[in-house]
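See below for the structure under consideration.
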Amino acid sequence: MNKYLESVLAGVKEKYAYQKEFVQTVEEVLTSLEPVINAHPEYEQADLLNRMVEPERMFTFRVNWCDDNGKWHTNRGWRCQFNGAIGPYKGGLRFQKNVYEGIIKFLGFEQTFKNSLTGLPIGGAKGGSDFDPAGKSDAEVMRFCQSFMTALYRYIGPDIDVPAGDMGVGGREIGYLFGQYRRLKGTFENGVLTGKGMSYGGSLIRPEATGYGAVYYLQEVLKHENDDIKGKRIAISGYGNVGWGIMKKAMQLGAKVTYFAGPDGYIHDPDGVNTEEKLNYILEMREKDPMHCKPYADKYGVEFVPGEKCWGVKDVDIYMPAAVQNDVTMKEAEKIAASGVKYYIEVANMPTTNDALNFLRSKGDIIVAPSKAVNAGGVGVSALEMSQNSERLSWTAEEVDEKLHSMMKNIHANSAAAAEKYGLGYDLVAGANIAGFEKVADAMMAQGIF
Ligand code: 2IT
């Protein structure tokens, strides 16, 4: 490996050994940048890579909140402003019990390249808390969000840092967070957060954007293979906001999600999630209890396999992991390779371990697409929400959807072109890393060293 790359990677592994998800993503990205680093000796001279793997700023804060029984709790909150070279920091907030520095930094690092790929002026950031939203009442969530924003508000702003949702943070949480920001600042700066409700500056299509964008990207891959989405059967893991968007867009385009998995097992619906009624039921089921998808099988009389994931099933054409990081390890990757499926389209942030990803990429007969490109439509439409807030207008659903569609086409084309430029063939994983990196690298080099 290139000596400079090797030394940067070794440094990250040594300093941040306990942040294993962060080390994983740095290794994944850096190893695919080798041809670019070889072609640009000036990057080493400016120590560009060591600057890129270190967040510009990151802070931790305490969040206290009172439960409905009058008992007080202490959680930790974070915001990592990873890279602001191409725009205001931008990225979601994750509220989940297992959140810690390693997860926030992995997401912030990925976000930097993803946001660059959108072609829009947004830097990379991520934040969150180890607060566990499961089983909390609305009032508890409100108090938590108010306390979280009280700690965060002075460090963000429409031109500084624009948080949004991620796991555990949806429309309800964004509403409470925005209300507290407005109360503290005394100004109506709705561009400070995205994923807002429509009554106070949200964008049409933002809830669907990640899933829709993933399917638009998939269409480009299929087109490249002289294949068509019509009639395709898709297996996904997860049936959250993103999975739901995939199901909906797949249905509109004549494909169908025939398998989906939740924490309790997987569903096999041979007809697919093919009606508005089924889609609405999934929303309802998730709101009642996000840990169980079995009720879908009971309601529609289809198969439910408890305790298993759907990787390895043979009667599908496309796999789309859309749940959580490291969902697919070597064990699942081997099943996927043996299933004969041709398309492996990552959707959740880093859903595949590095060994599993490299194994699938090395197979040759499976096309692998990386999450930082495939799921970029979510943050892309967040950036469109920022544009609408800046001009104090809101666009029609058709207008947003059309912009999202062309954004996803560009991301696919630019990734493919970047891989091609370095003689890597149709390598969408390396291509996304290279295309995302090039813009940030260029902006950093132009702005001087700091
Ligand atoms: O992972 C992601 O790209 C998001 N959670 C969306 C971030 C955003 O700012 O919309």
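Heavy-atom basis, side chains included; hydrogens, waters and symmetry copies ignored. We count ligands from 1, going down the list as the structure has it; atoms in each ligand are counted the same way.
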Geometric class of the H73/W65 ring pair [parallel <30°, tilted 30-60°, perpendicular >60°]: parallel
Residue list, side-chain hydrogen bond (donor to acceptor under 3.5 Å, both in side chains) with S394, at least two apart or on another chain: none
Pocket residues of ligand 1, ordered first by chain and then by residue number (heavy-atom cut-off under 4.0 Å): K90, G91, G92, Q111, K114, K126, A164, G165, D166, R206, N349, V379, S382
ring-ring contact (aromatic ring centres under 6.0 Å, His included) between Y319 and Y344, intermediate numbers included: CA-CA 5 Å; Y319 282 129; Y344 179 75; 7.1 Å; no
Residue pairs involving residues 187-210 (criterion ring pair (Phe, Tyr, Trp, His ring centres under 6.0 Å); sequence neighbours excluded): F178-F188, F178-Y200
Listed once per pair and sorted, the side chain to side chain donor-acceptor pair (under 3.5 Å) pairs that draw on residues 234-244, sequence neighbours left out: S237-D327
Over all atoms of both residues, closest heavy-atom pair of V440 and A85: O-CB, 4.4 Å
